[in-house]
Amino acid sequence: MIKIDTSIYRVKLFQKGYSRQKCDKCGSYFWSLKKRDNCGDAPCTIYTFFNIPIKRRYTYREVHRLFLDFFRRNGHEVVEPRPVVARWREDLYLTIASIVVFQPHVTSGITPPPANPLVIAQPCIRLEDIDNVGMTFGRHLTNFVMGGHHAFNYPDKFIYWTDETVDYAKRFFVEEIGVPEDELTFKESWWEGGGNAGPCFEVSVGGLELATLVFMMYRVEDGRYSEIPIKIVDTGYGIERIAWLTQKTPTAFHAVYGSLVTEFHRILNIPEPPEDMLRVAAIFSAMLRPGEESDIDELFRLVANELGTSFKEVKELIKPAIDVYALLDHTKTIALMLSDGIVPSNSGEGYLARLVIRRTLRRLHRLASIDLLPELIMRQISYWHDMYPQLYKAKDRILDMINIELEKYRDVIRKISTVATKFSRRAPSLDDLILLYDSQGIPPDLLKDELEKRYGIVVKVPMNFYSIVASKHSRPRVLKETEKTRLPQDIVAWASSFPETRRLFHEDAYIRRFTAKVLGVNENFIILDATAFYPEGGGQLGDKGYLEINGRRIHVVDTQKVGNVIVHVLESPLSKEVEGQKVVGEVDWSIRYKRMRHHTATHIVLGAIRRVLGDHVWQAGAEKSEEKARLDVTHYKMPSEDEIEKIERLANTIVDNAIPVRIHYLPRNEAEKIYGFALYQGGVPMYPIIRVVEIPEWDAEACFGTHVRNTSEVGAIKIINVEKIADGIIRFEFVASTSIPSYVRKLEAELNSIAKQLNTDRFTVRNKLSSLLNSMNELREILRSYRAYFIDQALKEISHNAIDIEGLKLAIYIPYVRDRETYREVLRRATLRDPKLVLILLTQEDRHTYFEISLGSEAVKVLNAKDIITAAISAGIALRGGGKPDHVSGITELDIEHFSDALKKLIISKLRKQN
RNA sequence: GGGCCGGUAGCUCAGCCUGGAAGAGCGCUCGGUUGGCAUCCGAGAGGUCCCGGGUUCAAAUCCCGGCCGGUCCA
């Protein structure tokens with residue numbers, strides 16, 4: 001934070017009897033009508049709001065309405081809330097605050113706000129404090145509605161600033177909610193987030209922070225602060241907390257979830273704690289410091305003291321109730337995330353959904369049964385259907401996804417029992433536990449329970465286990481993939497100094513030949529004042545073709561863009577002298593036209609997939625080349641053959657219907673209003689005006705690419721491959737138009753070459769193959785009997801040739817078939833049959849002799865095969881090898897005859913020495 | 001996006017650290033035992049140790065690259 005002029009906190013309201021005071025506990029400065037010891041915010045105080053008289057009780061929904069109405073009456077336009085998945089942001093997955101709705105386009109000045117000033121009640125999801133939810137009786141939640149009134153002050157247009165903002169807060173709380181004014185405290189503070197910062201007030205009543213009033217006025221870059229031209233009033237009112245304040249229920253969960261609290265208790269078969277106990281606990285819960293888990297026991301102790309009961313009784317009643325509160329919160333968050341189109345996955349935003357689901361299942365598993373999850377979610381869906389109609393609409397899909405996640409979790413539970421047997425003797429170390437959680441998702445507490453139950457083994461799981469795990473992971477930036485250029489750094493810098501290139505391909509996608517002026521040349525990169533060459537973007541590759549300069553023809557091998565400047569990549573460097581001259585360019589039309597058709601085909605296919613699989617389908621990546629198109633989408637399971645066929649058929653219907661493709665330019669706010677955020681399938685453009693490519697009543701996307709005029713030009717669409725590339729992401733590959741024959745030709749060529757290898761034609765290849773397989777099986781049978789016969793003969797030969805030496809038998813075996821599997825079998829059987837046998841196998845290989853020596857079980861007692869090798873080496877024989885006492889193998893430079901003689905001598909002398 | 005774990009018989013997995021003749025249980029086939037319910041005994045079939053390179057006399061095992069699955073973190 002930077003040193004700021006604290007006079008910004010001296011707003012007009014405070015002249016009416018407020019005084020600036022310092023908190024005894026945290027040392028912060030705050031403003032209040034009344035003299036106080038502390039800042040009035042948890043954890044500096046316990047909750048006293050239960051004793052503050054408030055005009056009346058308001059339900060959660062009433063507070064919601066009251067908030068919007070108050071600011072509407074005071075000149076703010078009500079703006080519709082957005083999904084909890086931040087589709088319009090490249091750098092954030094979830095909507096974590098109301099201001100997120102206006103970042104970065106409005107806050108950076110690219111787009112005007114939809115209204116100014118405005119008010120919004122934005123559902124938000126924040127997962128940072130997920131472990132504290134429940135424990136703090138509702139101070140922490142993973143989902144909440146942030147009421148925000150915002151004003152954007154431009155240098156030439158001032159709306160309002162600190163005085164009015166603080167005054168609105170006072171009036172809302174005092175006049176609308178009915179809080180006695182002397183109970184309000186305004187704490188001076190500092191806010192930072194999302195690259196912006198500014199001073200703020202935290203508004204509290206009786207220990208409960210109800211609103212934050214931020215005056216966003218700095219940009220933060222590398223720790224440096226600079227003032228921004230747009231000064232933004234960014235406020236956040238906690239609708240849940242305000243409802244809690246007026247209702248004075250023991251917890252915020254009672255105020256928000258009403259009858260669901262009792263329902264959840266009943267379904268989970270967990271008794272509700274007596275209200276007086278709960279209330280005492282709630283009052284002290286203000287002092288809980290999140291993250292300090294020992295605090296929770298301290299809380300139970302305080303409550304037990306206050307009520308004169310035992311610690312044990314308090315803990316046994318309150319602890320399970322805390323779990324119920326967490327489940328109330330988590331199940332609603334899950335429903336919201338899934339209904340807004342998140343698909344659970346092991347990476348990307350889908351992981352965030354899985355994270356909440358896994359935490360919920362872990363708790364359910366410990367408390368009751370994971371099978372209850374679908375029912376709990378269903379209760380949330382029906383309880384909230386008035387505020388969130390999308391929940392009910394997505395009901396079937398939500399349950400489908402939940403059931404898939406349940407099945408995955410059951411796998412984990414099954415794994416626990418397998419893993420537990422590994423630790424039947426030895427308790428797992430901390431490292432073991434971390435490895436198991438990290439790599440297999442096995443929660444340590446569940447393994448601990450299993451081991452204690454089954455083997456009585458005591459396992460210690462440290463309190464801060466999960467933070468130990470988290471600290472083991474590196475943390476790269478939270479950025480989604482941003483558009484990257486394939487140009488060298490210095491070329492990017494060079495190119496950005498040029499004016500915007502006129503985009504002829506947008507004026508008319510069918511322009512192939514054009515005239516333009518050369519603005520700049522740098523080695524083999526060239527920039528023109530206008531071009532019909534499409535630069536890579538939106539998954540469509542950069543154009544190829546050629547430029548004619550002074551009668552010379554130079555190939556363009558690629559086209560890229562740097563901001564609004566288009567850079568042509570030439571095959572060879574060009575002299576700077578051509579700058580200022582006229583050139584004629586021609587786009588390689590055969591490639592470009594195929595790409596255009598694949599691009600339009602991609603929009604058609606996406607529309608078809610969304611209709612067949614559902615609205616949760618979102619583009620996760622795409623590439624369009626001349627030979628095929630690739631489209632990755634979010635979906636929770638592999639589509640069936642049926643669904644794929646349906647998609648293909650539907651897509652081709654759109655082609656056959658010959659629908660004109662419309663392209664229009666719309667201001668961002670208007671485009672979003674008409675088409676929704678589904679516009680941003682391929683990414684979010686950073687422009688005030690959006691280029692919308694629309695296939696009427698089928699698909700509309702913000703898109704930079706070139707498209708055909710009419711869907712019929714796509715010709716036809718053939719899906720050629722569908723695969724799961726990550727959990728929750730399905731890849732579709734398809735070909736369109738005149739690329740289909742080349743695809744078919746490739747298939748034919750493949751089939752023909754197979755047929756040719758099988759010495760047949762492609763129509764009889766199947767028969768040929770099955771007859772080949774048959775004869776292979778027959779041969780295998782015949783081979784088996786030959787091997788048996790061969791082994792039998794070899795065994796006879798060996799026992800016939802074996803000579804007696806010093807109480808053992810020695811045989812040399814030189815197989816005349818090169819079949820390792822067979823002569824290994826000979827070695828094994830021979831030594832098994834005759835325990836006194838020492839069997840030497842020798843074969844001649846390219847440049848050396850390969851040998852194996854096998855000993856029977858009796859022979860091993862007097863002779864070690866490894867010793868034979870060492871003895872041979874010390875006798876000067878060049879050989880390399882090794883093995884076990886009863887079997888060695890190796891190679892030698894000696895030929896078979898000399899080597900076998902030498903070995904024989906060595907073995908005999910060795911045995912003699914021993915006797 | 002990054003880290004970690006795994007891929008061996010139809011299934012569940014051991015073996016890998018420390019290289020040396022591919023294993024167990026279940027299932028399957030056959031024979032016996034048993035009135036039946038996960039009966040018992042014996043015999044047998046079943047393998048691209050994920051794929052491709054490398055190191056080595058020798059690779060399921062060690063090294064490199066890839067594919068597939070899982071999982072954690074952002």
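To find a chain, count down the sequence lines: A is the first, B the second, and so on, and within it residues start at 1. In this text, all values refer to a predicted model and were calculated from it rather than measured experimentally.
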Practice prompt. Answer with base, sugar-phosphate or nothing: what part of the nucleic acid does A/Ser854 contact at a heavy-atom distance below 4.0 Å?
Written response: base
Fill in: Residues in side chain to side chain contact (heavy atoms under 4.5 Å, CB included) contact with A/Glu407, at least two apart in sequence or another chain
A/Arg410, A/Asp411, A/Arg414
Item to complete: List in chain and number order the residues that pass side chain to side chain contact (heavy atoms under 4.5 Å, CB included) with A/His848, two or more places apart in sequence or in another chain; answer none if no residue qualifies.
Response: A/Glu845, A/Ile891
Practice prompt. Rounded to the nearest angstrom, tell me the gap between atom CD in A/Glu407 and atom P in B/rU71.
Written response: 12 Å
Item to complete: Rounded to the nearest angstrom, tell me the gap between atom CG in A/Asp432 and atom P in B/rC5.
Response: 13 Å
Discussion item. Judged by each residue's nearest nucleotide on RNA chain B, which is more toward the 5′ side, A/Gly881 or A/Tyr409?
Written reply: A/Gly881
Worksheet item: Rounded to whole angstroms, how far apart are NZ on A/Lys415 and C1' on B/rU71?
Response: 7 Å
Fill in: Nearest heavy atoms of A/Ile342 and A/Val85, plus distance in Å
CG1-CG2, 3.4 Å
Practice prompt. Round to the nearest Å and state the distance from A/Phe851 atom CZ to B/rC57 atom C1'.
Written response: 7 Å
Fill in: Salt-bridge contact A/Glu349-A/Arg87 (side-chain N to carboxylate O under 4.0 Å)
yes
Discussion item. Measuring from the side chain of A/His887 (C-beta onward, heavy atoms only), which nucleotide among B/rC72, B/rG70, B/rA21 has the closest atom?
Written reply: B/rA21
Worksheet entry | Between B/rA74 (C1') and A/Asn346 (CG): distance, integer Å | 13 Å
Discussion item. So if I take every side-chain heavy atom of A/Arg354 and compare against B/rC57, B/rC4, B/rU71, which nucleotide ends up nearest?
Written reply: B/rU71
Practice prompt. Could you work out the separation of B/rG15 and B/rU8 based on their P atoms and round it to a whole Å?
Written response: 14 Å
Worksheet, complete the sentence: Picking from B/rA21, B/rU71, B/rA74, the nucleotide nearest the side-chain atoms of A/Tyr93 would be B/rA74
Discussion item. So if I take every side-chain heavy atom of A/Lys408 and compare against B/rU56, B/rU71, B/rG69, which nucleotide ends up nearest?
Written reply: B/rU71
Worksheet item: With sequence neighbours excluded, what pairs up with A/Lys746 under the side chain to side chain contact (heavy atoms under 4.5 Å, CB included) test?
Response: none
Fill in: d(CG, A/Leu827; P, B/rA21) in whole Å
12 Å
Response to the item:
Regarding the side chain of A/Arg358, the nearest nucleotide among B/rU71, B/rG70, B/rA21 is B/rU71
Worksheet entry | From B/rC57, B/rG20, B/rC4, nucleotide with atom closest to A/Ile891 side chain | B/rC57
Worksheet item: Is A/Gly890 touching bases, backbone alone, or none of the nucleic acid, heavy atoms closer than 4.0 Å?
Response: base
Practice prompt. Could you note down all residue pairs passing salt bridge (charged side-chain N to carboxylate O under 4.0 Å, His left out) where residues 856-872 of chain A supplies at least one of them, sequence neighbours left out?
Written response: A/Glu858-A/Lys861
Worksheet entry | Contact residues, residues 830-843 of chain A to RNA chain B [heavy atom, < 4.0 Å] | none
Worksheet entry | Counterpart residues, side-chain hydrogen bond (donor to acceptor under 3.5 Å, both in side chains), relative to A/Arg126 (two or more places apart) | none
